[in-house]
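Working notes, structure below.
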Amino acid sequence: MIDTHSHIDGEEFDEDRDLAIERAKEAGVEKIFVPAIDLSSISSVLETCNRYPGYAYPMIGLHPEEVKENWSEVLAKMRSMLDGHDHPFIAVGEVGLDFYWSREFEQQQLEAFEEQVRWSVEYNLPLMIHCRKAQNEMVAILRKYEKQLDRGGVFHCFTGNEKEAEQLLSFDKFFLGIGGVLTFKKSHLPEVLPHVPLDRIVLETDSPYMAPVPMRGKRNESAYLKYVLEKMATVYGLSADEVDKVTTATAKRLFAIN
């Protein structure tokens with residue numbers, strides 16, 4: 001398994017990060033991808049990935065909830081880290097739009113997201129996209145660059161319906177990131193996913209958030225990805241090994257990881 005989205009660099013893991021990594025390995029997680037959320041998190045992301053070389057891989061991006069008046073300055077500093085051919089980042093993420101709590105910085109979010117979409121084109125990196133209550137706006141921006149987004153990306157934490165899945169997968173180099181929500185009692189993903197080709201899905205935890213059943217309510221960690229895998233196998237009527245094989249191959253191909 002590959003956990004394509006884990007905030008293992010976060011302070012929630014400061015007390016037992018090494019142990020969490022060991023538990024992930026024991027559970028069958030062979031790699032973890034770690035998104036940044038703001039400027040200060042890039043150092044913790046890099047420090048964590050350097051600590052587990054060949055296992056944890058960094059992304060760079062400004063999370064929509066972290067977009068403020070100074071977004072342009074923040075992105076200028078991030079962009080400078082991408083210049084040159086020796087940067088370590090495997091994706092632009094975690095980026096996107098989030099109007100769930102507030103639209104105070106709506107225009108800034110739209111502009112910041114579009115600039116980071118352009119990074120995907122310019123630096124030939126996939127996108128790791130967070131989107132809440134903003135799918136129409138997100139799709140409108142992506143359509144402008146659709147033919148240039150050669151590396152595609154992931155619609156992280158997909159929880160939508162069949163129609164929303166179809167709209168997102170019309171971007172043929174993009175994939176749905178599926179995590180713990182799949183296991184929730186009130187989730188409709190078990191009815192939606194059979195309409196989604198398995199090879200258009202990657203696994204994720206979004207740890208320390210969104211722990212799957214039977215760990216719901218606890219701090220999430222990459223070791224719990226096995227519960228997502230098991231539920232997905234049930235949904236598709238396949239063995240866990242088959243789902244693992246397909247989703248792992250997709251993640252390696254998308255993020256260009258050997």
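Residues take their numbers from the sequence shown, with the count starting at 1. Just so it is clear, the structure is predicted and the values come from calculations on it, not from any experiment.
Side-chain polar atoms of Asp38 and Ser41 form a donor-acceptor pair below 3.5 angstrom. Remark: the Ser44 side chain and the Glu47 side chain contain no N/O donor-acceptor pair separated by less than 3.5 Å.
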**Q.** Residues Glu137, Arg103; criterion salt bridge (charged side-chain N to carboxylate O under 4.0 Å, His left out); working and verdict
**A.** CA-CA 13 Å; Glu137 294 91 338; Arg103 286 183 175 261; 3.7 Å; yes
Q) What's the verdict on side-chain contact (heavy atoms from CB on, under 4.5 Å) for Glu30 and Met1, showing C-alpha distance, side-chain angles and the deciding distance? A) CA-CA 6 Å; Glu30 63 172 277; Met1 295 178 287; over 6 Å; no
Q.
Run the side-chain contact (heavy atoms from CB on, under 4.5 Å) test on Val202 and Leu176 for me, step by step, so that the C-alpha distance in whole Å, both residues' side-chain angles and the decisive distance to 0.1 Å come before the verdict.
A. CA-CA 6 Å; Val202 294; Leu176 304 182; over 6 Å; no
Q: Mind running side-chain contact (heavy atoms from CB on, under 4.5 Å) on His5 and Val154 for me, showing each step along the way?
A: CA-CA 10 Å; His5 196 114; Val154 175; over 6 Å; no
Q. Which is it for Thr205 and Met210 under the side-chain contact (heavy atoms from CB on, under 4.5 Å) test, yes or no, and what are the steps along the way?
A. CA-CA 7 Å; Thr205 59; Met210 313 285 281; over 6 Å; no
(Q) Run Glu166 and His195 through side-chain hydrogen bond (donor to acceptor under 3.5 Å, both in side chains) and show every step you take. (A) CA-CA 9 Å; Glu166 186 179 353; His195 301 281; over 6 Å; no
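Taking SG of Cys131 as the start and CD1 of Ile141 as the end, the distance is 9.5 Å to the nearest 0.5 Å. Atom CZ of residue Arg200 and atom CG of residue Asp172 lie 6.5 Å apart, to the nearest 0.5 angstrom. Between Ile60 atom CD1 and Leu82 atom CG the span is 4.5 Å, to the nearest 0.5 Å. To the nearest 0.5 Å, the span separating NZ on Lys77 from OG on Ser72 amounts to 11.0 Å. Considering CD of Gln148 and CG of Asn124, their distance stands at 12.0 Å, rounded to 0.5 Å.
Proximity of a side-chain donor or acceptor of Asp244 to a complementary backbone N or O of Ala240 within less than 3.5 Å is not detected. Checked by atom type and distance alone, the side chain of Glu242 pairs as donor or acceptor with a backbone atom of Ser239 at under 3.5 Å. Looking at Thr247, its side chain never comes within 3.5 Å of a backbone N or O of Leu203 through a donor-acceptor pair. Remark: side-chain polar atoms of Thr183 are paired, donor with acceptor, to backbone N or O of Val213 under 3.5 angstrom. Proximity of a side-chain donor or acceptor of Ser207 to a complementary backbone N or O of Tyr209 within less than 3.5 Å is not detected. Side-chain atoms of Glu94 do not come within 3.5 Å of backbone N or O of Gly61 as any donor-acceptor pair. Of the possible donor and acceptor atoms, none in the side chain of Arg151 sits under 3.5 Å from a partner among the backbone N and O of Leu127. Thr250 contributes a side-chain N or O that, together with a main-chain N or O of Val246, makes up a donor-acceptor pair within less than 3.5 Å. Within the 3.5 Å criterion, the main-chain N or O of Ser6 finds no donor-acceptor partner in the side chain of Glu204. Side-chain N or O atoms of Asn161 include one that pairs as donor or acceptor with a backbone N or O of Glu164 at under 3.5 Å.
Follow the hydrophobic side-chain contacts under 4.5 Å out from Val121 and you reach Leu110 in the same cluster. Under the 4.5 Å side-chain contact rule for hydrophobic residues, Val243 and Phe158 share a cluster. By the rule that hydrophobic residues join a cluster once side-chain heavy atoms approach within less than 4.5 Å of another member, Ile129 and Leu62 end up as members of one cluster. By the criterion of side-chain heavy atoms lying less than 4.5 angstrom apart, applied directly or through intervening Ile, Leu, Val, Met, Phe, Trp or Tyr residues, Tyr145 is grouped together with Leu75 in one hydrophobic cluster. Note on Phe175 and Leu149: separate hydrophobic clusters, where clusters join Ile, Leu, Val, Met, Phe, Trp and Tyr whose side-chain heavy atoms are under 4.5 Å apart, directly or indirectly.
A salt bridge links Arg219 to Asp16: one of the charged nitrogens lies within less than 4.0 Å of a carboxylate oxygen. Between Arg132 and Glu65 a salt bridge is recorded (basic side-chain N to carboxylate O distance below 4.0 Å). Taking a cutoff of 4.0 Å between a charged side-chain nitrogen and a carboxylate oxygen, Asp9 and Arg17 do not qualify as a salt bridge.
If you run side-chain contact (heavy atoms from CB on, under 4.5 Å) between Pro58 and each of Ile42, Thr48, Leu46, only Leu46 comes through. Test Tyr52, Tyr57, Phe89 against Phe33 for ring pair (Phe, Tyr, Trp, His ring centres under 6.0 Å) and you get one pass: Tyr57.
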Distance-only donor-acceptor pairs under 3.5 Å for side chains of residues 222-232, two or more places apart:
from: Ser222; atom 1: OG; to: Asp3; atom 2: OD2; distance (Å): 2.7

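In this structure, Lys25 forms a cation-pi arrangement with Tyr55, its terminal cationic atom sitting closer than 6.0 Å to the ring centre and no more than 45° off the ring axis. Within the cation-pi definition used here (under 6.0 Å to the ring centroid, within 45° of the axis), Arg216 qualifies as a partner of Phe184. Remark: Arg143 qualifies as a cation-pi partner of Phe171 under the 6.0 Å distance and 45° angle criteria applied to the six-membered ring.
For the residue pair Phe155 and Leu168, the shortest heavy atom distance occurs at CE1-O, 3.5 Å. Closest of all the heavy-atom pairs between His188 and Thr159 is NE2-O, 3.1 Å. Summarising the geometry of Val34 relative to Ala56, their closest heavy-atom pair is CG2-CB, 4.3 Å, with the distance given to 0.1 Å. Pro64 approaches His130 most closely through the heavy-atom pair CG-CD2, 3.7 Å. Pairing each heavy atom of Phe174 with each of Leu169, the nearest pair is O-CD2, 3.7 Å. Closest approach of Val92 and Ser120 over heavy atoms only: CG2-N, 4.3 Å.
Looking at Arg79 and Glu122, their side chains come closer than 4.5 Å, going by heavy atoms from C-beta outward. A heavy-atom distance below 4.5 Å is found between the side chains of His87 and Leu125. Using a 4.5 Å heavy-atom cutoff, the side chains of Asp206 and His7 are in contact. The side-chain heavy atoms of Gln167 and Gln135, taken from C-beta on, include a pair separated by under 4.5 Å. Side-chain contact between Asp18 and Arg51: present, with at least one pair of heavy atoms (C-beta onward) separated by less than 4.5 Å. The shortest distance between side-chain heavy atoms of Lys31 and Ile2 falls below 4.5 Å. No side-chain heavy atom of Met59 sits under 4.5 Å from any side-chain heavy atom of Val45. Between His63 and Glu66, the closest side-chain pair of non-hydrogen atoms falls below 4.5 Å.
Members clustered with Ile37: none, using a 4.5 Å side-chain heavy-atom cutoff among hydrophobic residues.
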